[in-house]
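Please read the structure below before turning to the comments.
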Amino acid sequence: MPNLPLWLCLLLIVIVAVFAAVVAFAAGIAHRKKIAEAVIGSAEEESKRIVNDAIKTSEAKKKEIILEGKDEVHRLRNESERELNERRKEVQRQERRINQKEETLDKKIAAAESKEEAAGNKLKKAEEKFKEAEEVKKSQFEMLERISGFTIDQAKDYLLKNLENELTHEKAIKVMEFEQQTKETADRTAREIISLAIQRCAADHVSEAAISVVPLPNDEMKGRIIGREGRNIRAIETLTGVDLIIDDTPEAITLSCFEPVRREIARVALEKLISDGRIHPTRIEETVEKARREVEATIKQEGERAVIAAGVNGIHHELVKLLGRLRYRTSYGQNVLDHSLEVSSLAGIIASELGLDPTIAKRAGLLHDIGKALDHEIEGSHVAIGVDVARKYHENEAVTHAIEAHHGDVEPKTIVACIVQAADAISAARPGARRENLENYIKRLEKLEEVASSFEGVERSYAIQAGREIRIMVKPEVVSDDKMVLLARDICRKIESDLEYPGQIKVNLIRESRATDYAK
């Protein structure tokens, strides 16, 4: 072997190793086969055992299930039989009830048929009795007509007339009750508010005349004012538009003019001329122009003072000037600016007492007579002029409406307008606030009596208490006690629509029945 080549030795070694490997592999396969056969054998035995156990278990389960099914079938059969028996009993009960109801219904139908037959008999008897009653009624009507001498229509008219009288009586009573109740409540509340407003607003009034009197230091000044051939007095009258009345009144000259601002300018100018002593046409012209500027400044100051006194802000400066011009205007002797301030104060107090904002009420009260500052220059009533001026300077619509409605030219639509109306009436109607000439006073009383006497049934009427009360005597045979209430109401409405008056007028109706006879 040592003599063999190396490669041959290696080959032999490889062959031997391969052979050994093949042998080992075959032995391993045989060993694994034996092991596998043993495992398969044990698995087959185990599977046979499991199958046998499963067969035995299934047979037992099958028997058990069959027994349970038989029990369930038996139980269900018993329940169905029991339910069927109950339903059969319920059906039997329903049948018995239906039979009973049918019997009851048959009895009711029979009873109803008998009642219907009886009702038919009664209806026939009632118809017969109704015919008899109609005949009796007809005979009674004929008898009543013969006894009373009235036909049916006349009797109806008589009854309706009686009913109307009764209704008039009831209506008069109701009207009296409601009027009395409303009047008591309204009077009490209004009296409290107005009395409080008057107490809190104490204004002094000084009646002013339509003329101004200028005092002179001596009577010689009259000649100097007249001037040579009257040139001085003509110059004054021409420049101021005022008439100078120089009469026998010692140491005084009277200025007469319908326009109070021009009269004031003339008064101021004349006082300056008298104080200066130099009186001639040129000096008169200078003095009048200076007096005009002073009066205009005074007008502006008075307007501003009034606005501040009233506590009103934001008024257009032109309206302030117009307010100042009211200082020189009077109405029935009452200064219009003082009157406007008083109305503004009263309106604010009343608005506050009613729980309202007093700002608009005070503003409307201050401006309500603003048209009187221009009613000498522009055609139209002071109400229409005041409304145009307020709209021109963009015043609040509530203020404009209050100006338009404060004399009843239009129906008041706001509480502020009603408040201004009331405040204006309080200020104007207060005793001593205004004066009225005798002729107008007599005409107003005559018109009041004429309105009262225009109603049917009024015998006489008397205006008393300076026109604040009208006492009316009515004819008792024409006006009954019930109709007096309605007549008084109608007279009040007529007075309100036809007359203009401050405050209120009491309408007092008197009905008196007398019987007179003579013993002989």
Side-chain angles (χ1 to χ4, degrees), residues 186 189-205 299-327 329 331 334-374 382-430 433:
T189 306
R191 196 176 294 114
E192 292 174 357
I193 294 174
I194 291 173
S195 62
L196 179 62
I198 292 174
Q199 288 173 6
R200 292 174 59 185
C201 177
D204 295 330
H205 290 280
I299 286 173
K300 185 177 180 182
Q301 292 174 0
E302 289 291 335
E304 292 172 350
R305 183 191 64 81
V307 170
I308 294 172
V312 178
N313 300 320
I315 293 183
H316 196 278
H317 65 276
E318 292 296 332
L319 289 178
V320 174
K321 290 181 181 179
L322 293 177
L323 280 172
R325 295 186 66 174
L326 294 179
R327 167 57 61 191
R329 281 300 314 275
S331 177
Q334 185 180 25
N335 186 274
V336 178
L337 183 57
D338 290 340
H339 165 67
S340 298
L341 285 170
E342 184 177 2
V343 171
S344 175
S345 178
L346 289 169
I349 293 170
I350 293 173
S352 299
E353 290 299 318
L354 294 175
L356 304 174
D357 183 7
T359 306
I360 296 296
K362 292 170 69 175
R363 191 184 192 95
L366 182 63
L367 298 176
H368 80 285
D369 271 344
I370 196 70
K372 289 185 178 180
L374 295 170
H382 76 277
V383 174
I385 296 171
V387 171
D388 293 339
V389 170
R391 286 176 178 161
K392 178 180 178 181
Y393 296 113
H394 309 291
E395 266 300 324
N396 191 301
E397 188 59 33
V399 175
T400 304
H401 175 66
I403 295 172
E404 189 175 13
H406 80 276
H407 276 320
D409 293 5
V410 297
E411 188 71 21
K413 298 179 181 178
T414 62
I415 298 179
V416 172
C418 297
I419 290 173
V420 171
Q421 262 191 354
D424 183 46
I426 293 170
S427 176
R430 187 180 64 80

Of all heavy-atom pairs between [X] and [Y], which one has the smallest distance, and what is that distance?
X	Y	result
G386	I403	C-CG2, 4.0 Å
H407	V383	CD2-CG2, 3.8 Å
V389	L322	CG1-CD1, 3.7 Å
L366	A310	CD2-CB, 3.9 Å

Are [X] and [Y] close enough that some pair of their side-chain heavy atoms sits under 4.5 Å apart?
X	Y	answer
H382	D369	yes
R327	I299	no
D424	H339	yes
K300	R325	no
K372	L326	yes

[X]: what forms a side chain to side chain contact (heavy atoms under 4.5 Å, CB included) with it, not counting sequence neighbours?
X	answer
I415	L356, I419
A364	V399, A402, V416, V420
P412	A405, A417, C418, Q421
Q301	none

Enter the distance from [X]:[atom1] to [Y]:[atom2] here, rounded to the nearest 0.5 Å.
X	Y	atom1	atom2	value
S340	I370	OG	CD1	7.5 Å
K392	I385	NZ	CD1	12.0 Å
I349	L354	CD1	CG	12.0 Å
K321	I315	NZ	CD1	14.5 Å
H394	L319	NE2	CG	10.5 Å
L323	R305	CG	CZ	10.5 Å

**Study point:** Cationic N near anionic O, under 4.0 Å, R363 to E395
**Key:** yes

**Study point:** S344 side chain to G365 backbone, donor-acceptor under 3.5 Å
**Key:**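 Side chain of S344 to backbone of G365, a donor-acceptor pair under 3.5 Å: no, none is there.
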
**Study point:** Ring centroid separation H401 to H406 under 6.0 Å
**Key:** no

Practice item. Taking ring pair (Phe, Tyr, Trp, His ring centres under 6.0 Å) as the test, write out the residues that go with H316, two or more places apart. Key: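 By the ring pair (Phe, Tyr, Trp, His ring centres under 6.0 Å) rule, H316 matches Y393.
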
**Study point:** Partners meeting side-chain hydrogen bond (donor to acceptor under 3.5 Å, both in side chains) with T414 (sequence neighbours left out)
**Key:**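 Partners of T414 by the side-chain hydrogen bond (donor to acceptor under 3.5 Å, both in side chains) criterion come out as none, since no residue qualifies.
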
